[in-house]
J.: 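One structure, pasted below without further comment.
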Amino acid sequence: MAYWLMKSEPDCFSIDDLKAKKTAPWDGVRNYQVRNMFRDDMKPGDLAFFYHSSCEVPGIYGVMKIASVAYPDPTQFDPKADHYDPKSKKEEPRWLLVDVSFQRKLKHPITLAQMRDDRKLAHFRLLAPGNRLSVIPVGKEHWEHILSLE
DNA sequence: GCCAACGTTGGC
DNA sequence: GCCAACGTTGGC
């Protein structure tokens, strides 16, 4: 089983939104590296941190579970959707998503600032300069250490 | 295949 | 709102 960190802007979709829905499609990803991770590396049952980005206190707010294999993201075909991709064909979808299901909220968020200050997370990819991937693989040792901070 | 221009991400 | 990083696009 693998571990992940998945970023979302809480104004757009937050851990509370996922809690209310129980399971939701993680749609709107338009990055090939992430698409390939969805397709090749993510498996149902994997666990993922829910990370809030571009907000007052960026950090990890909860835990979710990958609930499906990768399948085509329907929003790419919807001209009204934010992430509509006119170049993607139904016969040959360019973008994929996975379903995620709510597991729990952390008792308090593990903030980005807190993780930056933690020497044990010196090599955590989230903290690497210039990192912009919205989905990041998390090593077991980092996963367990972050949970121990809760 | 190179690379400049442009767009997006995301912390601050 | 600014700006650095970096992915994508498209002309050549």
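Because only heavy atoms are used, hydrogens play no part in the values below, and waters and symmetry mates are left out as well, while side chains stay in. To find a chain, count down the sequence lines: A is the first, B the second, and so on, and within it residues start at 1.
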J.: Any donor-acceptor pair under 3.5 Å linking the side-chain atoms of A/Q76 with those of A/S88?
T.: yes
J.: Might you work through the ring-ring contact (aromatic ring centres under 6.0 Å, His included) test for A/W26 and A/F38, ending with a clear yes or no?
T.: CA-CA 10 Å; A/W26 197 268; A/F38 282 167; 8.3 Å; no
J.: Is there a ring-ring contact (aromatic ring centres under 6.0 Å, His included) between A/W4 and A/F50? Walk through the geometry before answering.
T.: CA-CA 9 Å; A/W4 305 91; A/F50 196 125; over 10 Å; no
J.: Less than 4.0 angstrom from a charged side-chain N to a carboxylate O is my criterion; do A/D73 and A/R30 meet it?
T.: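 The answer is yes: the pair qualifies as a salt bridge.
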J.: Charged N to carboxylate O below 4.0 Å: is that the case for A/E150 and A/R104?
T.: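 Yes, this pair counts.
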J.: Give me the residues of residues 109-124 of chain A where at least one heavy atom lies under 4.0 Å from an atom of DNA chain C, by number, or none.
T.: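 Nucleic-acid contacts, sorted: none.
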J.: If I compare all heavy atoms of A/T23 with all of A/S101, which pair ends up nearest, and what's the gap?
T.: OG1-CB, 3.4 Å
J.: Walking along DNA chain C from 5' to 3', note the first and the last nucleotide with an atom under 4.0 Å from a heavy atom of chain A, and give both.
T.: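 The contact span of chain A on DNA chain C goes from C/dA5 to C/dG10.
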J.: Among A/I146, A/V57, A/L149, which residue satisfies the side-chain contact (heavy atoms from CB on, under 4.5 Å) criterion with A/Q114?
T.: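 Among A/I146, A/V57, A/L149, the one meeting side-chain contact (heavy atoms from CB on, under 4.5 Å) with A/Q114 is A/L149.
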